[in-house]
Amino acid sequence: QVHLVESGGGLVQAGGSLRLSCAASGRTVSKYATGWFRQAPGKERRFVGLIWTGGTTDYADSVKGRFTISRDNAKNLVYLQMNSLKPEDTAVYYCAAGLGGDTQDQYAFWGQGTQVTVSS
């Protein structure tokens with residue numbers, strides 16, 4: 001069992017940056033693939049990216065080149081660095097731990113989410 005808590009969301013202007021953190025407790029987060037998903041109002045939750053246990057990363061095409069996922073094993077933290085933010089990036093962002101992949105059913109553990117709002 002792993003408990004996840006996201007933080008770092010907020011309001012930012014288009015073109016700005018934010019860094020989200022996902023703090024894990026209960027088990028070492030590096031034993032899981034950790035994914036980031038987001039859900040905009042009225043839309044389904046969608047894959048953003050993930051970091052595999054080995055440290056490699058994958059991203060959705062919509063964020064590739066702008067977002068970067070990293071992990072601090074010593075602090076049991078996973079980060080989502082978001083640059084060149086666009087209004088369409090506005091959503092609640094969730095981190096999740098599990099087997100990995102781009103679908104929600106591959107993740108057993110979820111955080112509560114953090115709101116990111118990008119103004120134009």
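Please read all numbers here as calculations on a predicted model, not as lab measurements.
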Show, in sequence, the C-alpha distance, side-chain angles and deciding distance for Arg27 and His3, and conclude whether the side-chain contact (heavy atoms from CB on, under 4.5 Å) test is met.
CA-CA 8 Å; Arg27 292 201 67 181; His3 182 62; over 6 Å; no
Ser17 and Met82, any side-chain heavy atoms less than 4.5 Å apart:
no
dist Leu50:CG -> Thr34:OG1 (nearest 0.5 Å) comes out at 8.5 Å
Nearest heavy-atom approach of Leu80 to Trp36 is CB-CE2, 3.6 Å
Can you label the angle between the Tyr32 ring and the Phe109 ring as parallel, tilted or perpendicular, going by 30° and 60°?
perpendicular
Under 4.5 Å between any side-chain heavy atoms of Cys22 and Tyr94, yes or no?
no
Spacing of Leu77 atom CG and Ser21 atom OG [to the nearest 0.5 Å]
6.0 Å
Taking Leu11's backbone N and O only, do any of them form a donor-acceptor pair with Thr117's side chain (distance below 3.5 Å, no angle check)?
no
Validation row: Leu20, Thr114 side chains within 4.5 angstrom (heavy atoms):
yes
Going by heavy atoms in the side chains, are Leu18 and Val116 under 4.5 Å from each other?
yes
Determine whether a donor-acceptor pair (N or O, by modelled atom type, separation under 3.5 Å) exists between the side chain of Asn76 and the backbone of Ala24.
yes
Criterion side-chain contact (heavy atoms from CB on, under 4.5 Å) on Thr90 and Gln115, from CA distance to verdict:
CA-CA 8 Å; Thr90 295; Gln115 176 71 47; 4.0 Å; yes
Evaluate the side-chain proximity of Ser62 to Arg38: yes if any heavy-atom separation is below 4.5 Å, no if none is.
yes
Does the pair Ile51 and Val78 meet the rule for a side-chain contact (heavy atoms from CB on, under 4.5 Å), with working shown?
CA-CA 9 Å; Ile51 184 165; Val78 175; 4.1 Å; yes
Is the shortest distance from a Lys or Arg side-chain nitrogen in Asp102 or Arg46 to a carboxylate oxygen in the other one below 4.0 Å?
no
Just by distance, do the side chain of Tyr59 and the backbone of Ile69 share a donor-acceptor pair under 3.5 Å?
yes
Relative to Tyr79, does Arg19 satisfy both conditions: NZ or CZ under 6.0 angstrom from the six-membered ring centre, and within 45 degrees of the ring's axis?
yes
Other residues, nucleotides, ligands: >12 heavy atoms within 6.0 Å of Gln112 CD
yes
Using 30° and 60° as the class limits, which term best fits the ring planes of Phe67 and Tyr93: parallel, tilted or perpendicular?
tilted
Identify the heavy atoms of Val12 and Gly16 that sit nearest to each other, and give their distance.
CG2-CA, 3.9 Å
Does Gln13 use its side chain to pair, donor to acceptor, with the backbone of Ser119 at less than 3.5 Å?
no
Side chain Glu6, main chain Cys95, donor-acceptor under 3.5 Å
yes
Would you mind checking if Lys64 and Asp61 are paired as a salt bridge, meaning a charged N to carboxylate O distance below 4.0 Å?
yes
Taking only residues two or more places apart in sequence, or in another chain, which ones meet Arg71 in a salt bridge (charged side-chain N to carboxylate O under 4.0 Å, His left out)?
none
Can Arg45 and Trp110 be said to form a side-chain contact (heavy atoms from CB on, under 4.5 Å), step by step?
CA-CA 12 Å; Arg45 194 174 299 185; Trp110 290 81; 3.3 Å; yes
More than 12 heavy atoms of other residues, nucleotides or ligands under 6.0 Å from NZ of Lys31: is that the case?
no
Identify the heavy atoms of Ala33 and Trp52 that sit nearest to each other, and give their distance.
CB-CE3, 4.1 Å
Between Ala91 and Ala40, what is the shortest heavy-atom contact and its length?
CB-N, 3.8 Å
